[in-house]
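Before any comments, here is the structure.
By convention in this document, chain letters (A, B, ...) are assigned in the order of the sequence lines, proteins followed by strands, and residues within each chain are numbered from 1.
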Amino acid sequence: MVRYLQDLKNILNAAFKAAGFDVDVIVRASDRPDLSDFQCNDALKLAKQVGQNPRAIAEAVKTQLDSESVFISISVDGPGFLNMKMQDAWLAKYATDMLGSDRLDLMVVDHPQKTVIDYGGPNVAKPLHVGHLRSAVIGEAIKRIIRMAGNDVIGDVHFGDWGLQMGLIFAGLEEKFNALPNLSDKSVRITMQDLSEVYPAASLRSKTDDVFLEKARDYTKQLQDGDLALRGLWKYCRDVSVNAISQNYDDLNIKFDLWMGEADVHDRLIALIKNAVHSGVIVEDDGAMIINIAREDDKKNMPPVLMMKSNGSVGYHGTDIATIEQRIDELRAQRIIYLTDKRQALHFEQVFRGAEALGFVNNGVPKLEYIGFGTMNGKDGKPFKTRDGGILRLEDLIDSVKQSGLKKVKEAGVAQDASESEQEKIALQVGVAALKFADLMNPVTTDYVFDLDAFTRFDGKTGPYIQYTAVRMQSLLAKAGSTGSDTITLYNDADRALAKEILSFQEAFADAYDKLSPHIICLKAYEIASKFNAFYHHCHIMKEDDQAKRDSWLALTSLTLKTLKKFAELIGIEIPERM
RNA sequence: GUGCCCGUAGCUCAGCUGGAUAGAGCGUUGGUUUCCGGAGCCAAAGGCCGUGCGUUCAAAUCGCGCCGGGCACGCCA
C-alpha cells in the first residue's frame, strides 16, 4: 500500500467514524487539481446505503477534519465530493522520504510469491520477427515490476522445440541436402540462414502436399520416440537457433533466467499420460488421447485437450500441461503467468482446465494467469508485413531503429566529441527506448498500429523525450556540482506540482503491479518528465541566490532523476550519460 | 453458427469496479531564445464518446438490441 495515501486514508476513516459511519474509504488524487490535491467520494456512496443527504454526510465529516493540521483547506463540492488541499510541508515530507529511499518507497507485497513468467516463445528455425517483439517487451517489463514488488520471479523463454515444426524442418532439410544431414560428417554445417529458409518453405508445402506432411509427422514421432540421429540433429538445430536469437534479446535488454523448452518435459509428459489414463482423466477418442474439459454451463464450444495425437506424437497441449507440473515440482511455482498474442486465449483456457482436471491446482495454487496482448498491425489495420509483403525480422527492425537513433544523435550534434562506438551505444539506447516505450505506453490488450516513422520520432510522448529530459537533469546536476539538500521544501506552484507528480509514481507502480499493466507507469513517467520541464523553465535553479531554495530545487531535481531512472529500470531501457 | 475483443478530436490512442468542465501525443494556428542543453516551454482551435432503449440522483463507463470492424473455434504453434 502506498504510505502517504494510507496515512491520509486513516485520517479520513477516523473522521467518518467520528461522524457515525464505519467505512473504509477510497482516497485518490483529485480529478480537479484546481480545487484540491485529493478527493474522497464516499459520502456519495454512503448516501444511498443510509438514506441520507450526501452533502450533509460530507459536511459532518468535514467538521471532524477541521482540526487536522495537514490540510490547507477542505471543501464539500458538487453533490458531496470532499476536496482536500494539503499543506506544502505534508507533501514535502513524503518527497523527502522518497529521496532517502533506494526503492523510492515503492510498495512491497506482504506475502512474496514464487512466480514463473512464460514469455518469449521463439521457435527453432524461425528468426525472431516483430510478432515476438510484444511478448518479449511486455513480459520483461511485467517481470521487473513483479520482482520490484518483492516477489521471487523466474522468466522462462519456453522455446518451441518439440512439435510438428521439428518434423517439418527435418523434411525440409532432407529436401535441401538430398538427404538428412549426417552430423558425423564434420564438414556438415547448417546455419541459421539455412534454417530460416527451410522452415517457411516446408510449412507452406505441408499445407498442400499430404505426402510431405505425413513425412514430417513421421519424423516428429521418431524424434519424440528417441531416434538417436534425429535427436542429434534436433540438438544441433536448437543450438544454432538459440545462438542466433539470444543476440536479439540482448540488444533489447531482455534477459531470461531459464531457456527451457517444450522438449524438456517429454518424459514427464509420457509418464503423466500413462497415470492419467489409469485414473480415467485421459480417455481415448478417435485414436488420440484427450481430456474432456467441456462443462455443462459452457456457453461456447470447448474442444478437448489433445494430450497425444493419434499417431502417438505429442503437441503443445501436452507439453504446456506437463510444464505446469514441472514448474510446481521443480520450481515450487505459486503463480504462473503466460504472455502470448490474444489469439491463443482459448488454448490457455484449455490448458488451465486440463491442469485442474489432472489435479495440479490445489486451493488455487499455483495461480494460473493468461495475458493475451493485442496484435501488431500495419497501417492498413491488418497484421504487420513489410512493404514487399514479407515478415519483418526483429534483427532488421532493431537495426533500423538504431540507425534512426544514430541519425538523430548526429543531427543534434551533442555528442560530437564522442567516439564512434559511444555514439552507436547511445543510438541503440535511444532506439530501444523509442521502440519499447511506443509498445508499452498502451494497455497490453490494445491492438496497435506498427508505424516505424512514429516509433522513431523523438518528440511528444516517447521514450527519447523522457531520456532527453533525464539527461538534461544529469547535465544540470553536474554543472551545479551538487545533488542538493537532504530535505525538500516547496516554494511555488511549479515545484509543488512536480513533487506531487513524483509522489504519485508510487500509486502508479502499485496500480501497474495489481493490474500487470506497464502502461500505467509509462504514462506517469511522461507526466513526471513533462512537469519537470515546466518546473525547469519556471525555476532558474543556477541563477537562484537563495541558497536554501537552490539546494532544495537541486534535491527535487535529483529525486526526479532517480524516479525516471527507476522507471527506466522497470521497463528495461537505459538513460544515456548524454545524448 | 457459437464465443471473445473493438468502435472516443483530422490521425494514433488514454479514460471503462458509474461521479464534477471527456484527456494526451501527433498534426494545425499563434507566442516564446541577452537565461541551467529549444529534441524544450506557453497557449488556441478541434468531440450528438458508433446507434437505440433501459437501470440510476448521476452513464464514455453497467444491461439488452442493432450497425460496423477484428479474432478464435480437436490431431499447426
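- When the side-chain nitrogen and oxygen atoms of A:Arg217 are compared with OP1 and OP2 of B:rC76, one or more of them lie within a distance under 4.0 Å.
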> Passes side-chain hydrogen bond (donor to acceptor under 3.5 Å, both in side chains), A:Ser504 versus A:Lys524? Steps please.
Replying inline: CA-CA 8 Å; A:Ser504 73; A:Lys524 185 53 68 181; 3.0 Å; yes
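- Between A:His347 and B:rG74 there is no side-chain N or O to OP1 or OP2 distance below 4.0 Å.
- Interface remark: the A:Asn83 side chain does form a donor-acceptor pair with the B:rA20 base, using a distance-only criterion of under 3.5 Å.
- For A:Arg457, no side-chain nitrogen or oxygen approaches OP1 or OP2 of B:rG25 to under 4.0 Å.
- Residue A:Asp285 places a side-chain atom within donor-acceptor reach of the base of B:rG74, judged by atom type and a 3.5 Å distance cut-off alone.
- Listed pair A:Lys309 / B:rA77 meets the phosphate criterion, a side-chain N or O lying under 4.0 Å from OP1 or OP2.
- Residue ring and nucleobase are not stacked for A:Tyr465 and B:rA39 under a centre distance beneath 5.5 angstrom and an angle between planes beneath 30°.
- Side chain of A:Lys48, nearest nucleotide from B:rG37, B:rC57, B:rC76: B:rC57.
- Qualifying side-chain hydrogen bond (donor to acceptor under 3.5 Å, both in side chains) partners for A:Asp514, counting only residues two or more places apart in sequence or in other chains: none.
- For A:Glu574, there are no salt bridge (Lys or Arg N to Asp or Glu O under 4.0 Å) partners at least two apart in sequence or on another chain.
- A donor-acceptor contact under 3.5 Å links the side chain of A:Gln39 to the base of B:rA20.
- Both tests pass for A:Lys461 against the ring of A:Tyr526: distance under 6.0 Å to the centre and angle within 45° of the axis.
- Using a 4.0 Å heavy-atom cutoff across all strands shown, A:Gln474 reaches no nucleic acid atom at all.
- What separates CZ of A:Phe437 from C1' of B:rC13 is a distance of 13 Å, to the nearest Å.
- Here the side chain of A:Tyr526 is nearest to one of B:rA24, B:rG40, B:rG74, namely B:rA24.
- Near RNA chain B, defined here as any heavy-atom distance below 4.0 Å, the residues from residues 161-168 of chain A are A:Gly163, A:Leu164, A:Gln165, listed numerically.
- By the side chain to side chain contact (heavy atoms under 4.5 Å, CB included) test, A:Glu544 pairs with A:Asp546, A:Lys549, A:Arg550, A:Trp553, sequence neighbours left out.
- Applying the ring-ring contact (aromatic ring centres under 6.0 Å, His included) test to pairs two or more places apart or on separate chains, those with a residue in residues 120-139 of chain A are A:His129-A:His132.
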> Base, backbone or nothing for each nucleotide of nucleotides 64-69 of chain B, written B, S, -, heavy atoms under 4.0 angstrom, 5' to 3'?
Replying inline: ------
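- Listed by first and then second residue, the side chain to side chain donor-acceptor pair (under 3.5 Å) pairs involving residues 160-171 of chain A are A:Asp161-A:Arg238, A:Trp162-A:His266 (not counting sequence neighbours).
- Using a 4.0 Å heavy-atom distance criterion, A:Val471 is classed as a base contact.
- Of the candidates B:rC73, B:rU2, B:rG37, B:rU2 carries the atom nearest the A:Lys300 side chain, counting heavy atoms from C-beta on.
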> Given the rule that a pair is Watson-Crick or G-U wobble with both distances under 3.5 Å, how would you write RNA chain B in dot-bracket, using | for pairs to a different strand?
Replying inline: (((((((..((((.....[...)))).(((((.......))))).....(((((..]....))))))))))))....
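- Comparing B:rG40, B:rC13, B:rA24 by their closest approach to the side chain of A:Tyr448 singles out B:rC13.
- Residues passing the salt bridge (Lys or Arg N to Asp or Glu O under 4.0 Å) test with A:Glu349, sequence neighbours excluded: A:Lys300, A:Arg353.
- In terms of phosphate contacts, A:Tyr316 brings no side-chain nitrogen or oxygen within less than 4.0 Å of OP1 or OP2 of B:rA77.
- Qualifying salt bridge (Lys or Arg N to Asp or Glu O under 4.0 Å) partners for A:Glu577, counting only residues two or more places apart in sequence or in other chains: none.
- The side chain of A:Val449 approaches B:rU12 more closely than any other nucleotide in the set B:rC41, B:rG37, B:rU12.
- Aromatic ring orientation, A:Phe505 versus A:Phe567: perpendicular (interplanar angle above 60°, classes split at 30° and 60°).
- Scanning for side chain to side chain contact (heavy atoms under 4.5 Å, CB included) contacts around A:Thr375 gives A:Asp341, A:Arg343, A:Asn377, A:Asp447, with sequence neighbours left out.
- For residues 540-551 of chain A, proximity to RNA chain B is found at A:His540, A:Ile541, A:Met542, A:Lys543, defined as any non-hydrogen atom under 4.0 angstrom from a strand atom.
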